[in-house]
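Notes for the one structure printed next.
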Amino acid sequence: MIVIRGGGHCGSVRFSVSAPPPAEVLECNCSICAKTGYLHWIVADAGFAMEQGADALTSYRFGTGTAEHLFCATCGIKPFYRPRSHPGGWSVNFRCLDPGHGLGPSIRAFDGRNWDQARADLG
């Protein structure tokens with residue numbers, strides 16, 4: 001297990017993750033991820049901790065409304081969210097981790113535009 005911290009651009013939102021190092025992260029081509037460049041590192045609920053800024057987050061839901069996308073109301077960055085694919089976990093934006101973590105995971109494409117068919121590949 002490793003502990004890594006991260007956050008948004010302005011510093012209002014900070015979080016930490018305690019999890020095994022990622023072997024891979026997902027690069028999704030759905031409408032929102034493709035536009036934001038989000039790289040998904042799925043972590044268990046127990047390994048995620050909000051350190052500051054819960055009151056700075058704003059929520060956005062679309063499509064089925066199941067996933068809760070959380071954005072910093074100040075800088076607009078989405079450092080993490082509750083994904084539809086893993087409702088008992090968090091999707092952390094690998095690009096929002098603090099520098100110097102030393103992790104170099106492989107990046108696997110995920111076909112979020114065809115989510116229902118691609119979901120079977122997720123574990």
Side-chain angles (χ1 to χ4, degrees):
M1 295 293 252
I2 56 170
V3 177
I4 298 177
R5 290 180 168 69
H9 187 260
C10 69
S12 296
V13 175
R14 298 289 300 154
F15 65 91
S16 64
V17 173
S18 175
E24 71 178 12
V25 296
L26 300 174
E27 183 175 31
C28 179
N29 67 354
C30 79
S31 60
I32 196 165
C33 293
K35 289 179 184 272
T36 62
Y38 200 98
L39 291 177
H40 302 262
W41 179 21
I42 305 298
V43 299
D45 198 33
F48 180 86
M50 184 76 189
E51 293 186 347
Q52 73 181 41
D55 58 335
L57 293 171
T58 188
S59 176
Y60 174 67
R61 294 175 189 254
F62 67 98
T64 66
T66 306
E68 183 176 16
H69 299 267
L70 299 167
F71 297 84
C72 174
T74 303
C75 65
I77 298 297
K78 179 173 73 168
F80 54 84
Y81 78 103
R82 185 72 77 172
R84 160 168 84 147
S85 61
H86 294 80
W90 293 92
S91 175
V92 171
N93 187 348
F94 194 80
R95 296 176 195 255
C96 287
L97 299 177
D98 289 349
H101 52 70
L103 300 175
S106 64
I107 298 173
R108 179 168 62 108
F110 178 75
D111 187 10
R113 289 184 183 159
N114 297 294
W115 194 90
D116 291 321
Q117 294 84 6
R119 171 64 178 103
D121 292 338
L122 288 178

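On a predicted model such as this, the values are computed, not experimentally measured, just so you know. Positions are given from 1 along the sequence.
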Check: Pro20 and Met1 side chains under 4.5 Å, non-hydrogen atoms:
yes

Approximate separation, where rounding is to 0.5 Å, of Ser16 OG and Ile4 CD1
10.5 Å

For a 4.5 angstrom cut-off between non-hydrogen side-chain atoms, does Val17 reach Trp90?
no

For Thr66, check side chain to side chain donor-acceptor pair (under 3.5 Å) against everything at least two apart and list the hits.
Thr64

Check Gly53 against Val13 and note the closest heavy-atom contact, atom names and distance.
O-CG2, 3.8 Å

So do Asn93 and Leu39 actually touch side chain to side chain, heavy atoms under 4.5 Å?
yes

Report the relative orientation of the aromatic rings in Tyr81 and Tyr38; use parallel for angles under 30°, tilted for 30 to 60°, perpendicular for over 60°.
perpendicular

Does Cys33 reach the side chain of His40, with side-chain heavy atoms less than 4.5 Å apart?
yes

Could you pull out all residues at least two apart from Arg61 that satisfy salt bridge (charged side-chain N to carboxylate O under 4.0 Å, His left out)?
Glu68

Are Leu97 and Met50 linked, directly or through other ILVMFWY residues, by side chains that come within less than 4.5 angstrom of each other?
yes

Using a 4.5 Å cut-off between side-chain heavy atoms of Ile, Leu, Val, Met, Phe, Trp and Tyr, which other residues end up in the same hydrophobic cluster as Phe62?
Ile32, Tyr60, Phe71

For Trp41, which residues count as a ring pair (Phe, Tyr, Trp, His ring centres under 6.0 Å) partner, sequence neighbours excluded?
none

Shortest non-hydrogen separation from Ile77 to Cys96 and the atoms involved
CG2-SG, 3.6 Å

Tightest non-hydrogen contact, residues Pro21 and Ile2, listed as CA-CD1, 4.0 Å

Linking I/L/V/M/F/W/Y whenever any side-chain heavy atoms sit under 4.5 Å apart, do Val92 and Phe110 land together?
no

Within a strict 4.5 Å, meaning less than it, do heavy atoms of the Ser91 and His86 side chains meet?
no

Do the side chains of Phe15 and Ile42 join up, straight or via other hydrophobic residues, at under 4.5 Å, putting them in one cluster?
no

Please list all pairs meeting side-chain hydrogen bond (donor to acceptor under 3.5 Å, both in side chains) that have one or both residues in residues 95-104, counting only residues at least two apart or in different chains.
Arg14-Asp98

Can you list everything that forms a side chain to side chain donor-acceptor pair (under 3.5 Å) with Glu24? Sequence neighbours excluded, please.
Arg108

Just by distance, do the side chain of Asn29 and the backbone of Gly112 share a donor-acceptor pair under 3.5 Å?
yes

Quick one: side-chain contact (heavy atoms from CB on, under 4.5 Å) partners of Pro105, sequence neighbours excluded?
Pro22, Val25, Phe94, Leu103

Contact list for residues 28-52, test salt bridge (Lys or Arg N to Asp or Glu O under 4.0 Å), sequence neighbours left out:
Arg5-Glu51, Asp45-Arg82

